[in-house]
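Each chain gets a letter, A, B and so on, in the order its sequence line appears, and its residues count up from 1.
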Number of protein chains: 2
Amino acid sequence: MSDLLERLRGRGWRMTAQRRVVAEVLDGEHVHLTADEVHARAVVKLPEISRATVYNTLGELVSLGEVIEVATDRRAKRYDPNAHRPHQHLVCARCGAIRDVHPTGNPLAALPDSERFGFTISDVEVTYRGVCPNCA
Amino acid sequence: MSDLLERLRGRGWRMTAQRRVVAEVLDGEHVHLTADEVHARAVVKLPEISRATVYNTLGELVSLGEVIEVATDRRAKRYDPNAHRPHQHLVCARCGAIRDVHPTGNPLAALPDSERFGFTISDVEVTYRGVCPNCA
DNA sequence: TCCTACAATAGACAATGTCTAAGTCAAGCA
DNA sequence: TGCTTGACTTAGACATTGTCTATTGTAGGA
């Protein structure tokens, strides 16, 4: 993620304190924060940052393909900075913990042509649900 | 779905006009309505029905296992009456059309133990995304 | 038919997300 | 270094989706 700022700058992204802080918050493995959580953490580093800016910046990062929107939670969207390695998600039904996982094979292959209804399929999203060791 | 009302009555579900109407609205193949859409259609049949009742009834049907909550849409939950045959969903990225699909194999098998992080996995949700023939 | 517990209602409230108008500032350029 | 400009940020109103509560209504049994 440290080179994210470089990549963005290289793409002509205007660098501001707010954008830098949002990008910094989205750093690490197994990070899946909601927009509100991102805002809460960003405020610690930059108290003036507004909610709208966090939403805007997250939206831009998603458009740029640097961050993935994840819908594991029924309430709020979550943002996953691990956009450059394809992966799926494993969610604890009790505490909501989320892990990135890497299944074997291509999940697309499991869908025969007869089940594609003429669609041109471009993406598959898989969410495994269960109970994590802490909650078991 | 015609026997849904029978099944519910058999389980001691108190039958009311509102509940009957909600159940009737959720009839058919490839039905994936939002709560609001269910309400809109229910109002046609029973103008007095309230939003809260639709939400309550949908929640009860989900608890009873007669209807499945689907999160293909980032905005609102959708309700799928096809609860008795396991299936996954295929969504058009343009128009939002949703089809029930039946992939081959068990998607659970694709996740090796080393990728389970000690979780006890009970469920997998797969959403295929693409463009439908109408939008292509 | 009458009772009673369960269901439905209206509307307030909560959570999440979007939009707008006005002010601010990063980055290029003289 | 000091302008200029258009992109960025802000506060807060608004929209959408969903939940809760107090009150009223009613299904189904006695």
Side-chain angles (χ1 to χ4, degrees), chain A residues 5-25 32-64 66-80 96, chain B residues 5-6 8-26 32-64 66-80 96:
Chain A
L5 296 178
E6 293 314 311
R7 278 206 301 281
L8 294 173
R9 207 188 295 267
R11 294 211 218 172
W13 215 47
R14 185 164 137 187
M15 191 47 57
T16 67
Q18 291 83 352
R19 287 173 167 189
R20 186 178 42 73
V21 165
V22 169
E24 283 172 4
V25 166
H32 307 88
L33 300 170
T34 64
D36 231 43
E37 287 164 354
V38 172
H39 181 238
R41 298 189 187 197
V43 160
V44 173
K45 299 180 177 220
L46 188 70
E48 305 75 25
I49 195 169
S50 78
R51 246 162 38 92
T53 296
V54 170
Y55 276 99
N56 288 341
T57 306
L58 289 172
E60 284 157 16
L61 288 170
V62 170
S63 302
L64 291 169
E66 295 290 348
V67 165
I68 290 173
E69 250 180 40
V70 183
T72 56
D73 189 313
R74 289 261 157 35
R75 289 180 27 237
K77 293 177 201 168
R78 292 183 174 275
Y79 295 89
D80 181 345
Chain B
L5 295 177
E6 294 312 312
L8 294 173
R9 207 188 293 268
R11 293 211 219 172
W13 215 47
R14 187 163 136 186
M15 191 50 56
T16 67
Q18 291 83 353
R19 287 173 168 190
R20 186 179 41 74
V21 165
V22 169
E24 283 171 4
V25 166
L26 286 173
H32 306 89
L33 299 170
T34 65
D36 231 43
E37 287 164 354
V38 171
H39 180 239
R41 298 188 186 196
V43 160
V44 172
K45 300 179 177 218
L46 188 70
E48 305 76 23
I49 195 170
S50 77
R51 245 164 38 92
T53 297
V54 170
Y55 276 100
N56 289 340
T57 306
L58 289 172
E60 285 157 17
L61 288 169
V62 170
S63 302
L64 292 169
E66 295 291 347
V67 165
I68 290 173
E69 251 180 39
V70 183
T72 55
D73 189 312
R74 289 263 157 33
R75 287 177 34 237
K77 293 177 200 169
R78 293 182 173 276
Y79 294 88
D80 182 345

Query - Whole-Å gap separating C1' (C/dG11) and OH (B/Tyr55) - result: 14 Å

Query raised in the report: Within the side chain of B/His39, is there an N or O that forms a donor-acceptor pair under 3.5 Å with the backbone of B/Tyr55?
Result: no

Report task. Return the value, rounded to whole Å, for the distance between atom CD of B/Glu48 and atom C1' of D/dT23. Result -> 18 Å

Query raised in the report: Nearest-Å distance, CZ (B/Arg19) to P (C/dC6)?
Result: 11 Å

Query raised in the report: Atom CZ of A/Arg20 and atom C1' of D/dT9: how far apart are they, to the nearest Å?
Result: 15 Å

Report summary line: Judged by nearest nucleotide, the residue sitting upstream toward the 5' end of DNA chain D, B/Arg75 or A/Ser50, is A/Ser50

**Report entry** Integer-rounded Å distance: D/dA27 C1' and B/Gln18 CD
**Finding:** 11 Å

Report task. Given side-chain contact (heavy atoms from CB on, under 4.5 Å), test B/Leu61 with B/Tyr79 step by step and report yes or no. Result -> CA-CA 10 Å; B/Leu61 288 169; B/Tyr79 294 88; over 6 Å; no

Requested in this report: Calculate, to the nearest 0.5 Å, the distance between atoms CG and CD belonging to B/Leu46 and B/Glu24 respectively.
Outcome: 10.0 Å

**Report entry** Rounded distance in Å - CG (B/Leu5) to C1' (D/dA27)
**Finding:** 15 Å

Query raised in the report: Taking atom types as they are modelled, is there a donor-acceptor pair under 3.5 Å from the base of D/dT19 to the side chain of B/Arg51?
Result: yes

What pairs of donor and acceptor atoms, side-chain ones from residues 9-16 of chain B against any protein atom, are under 3.5 angstrom apart with sequence neighbours left out?
residue	atom	partner	partner atom	Å
B/Arg11	NH1	B/Leu64	O	3.2
B/Arg11	NH2	B/Leu64	O	3.1
B/Arg11	NH2	B/Glu66	OE2	2.9
B/Thr16	OG1	B/Arg19	N	3.2

Requested in this report: Measure from CG on A/Leu8 to C1' on D/dC8 and round the result to the nearest Å.
Outcome: 15 Å

Query raised in the report: Atom OH of A/Tyr79 and atom P of C/dT16: how far apart are they, to the nearest Å?
Result: 12 Å

**Report entry** Protein-to-nucleotide contact annotation, 5' to 3' order, nucleotides 20-30 of chain C [B base; S sugar-phosphate only; - none; under 4.0 Å, heavy atom]
**Finding:** -----BBS---

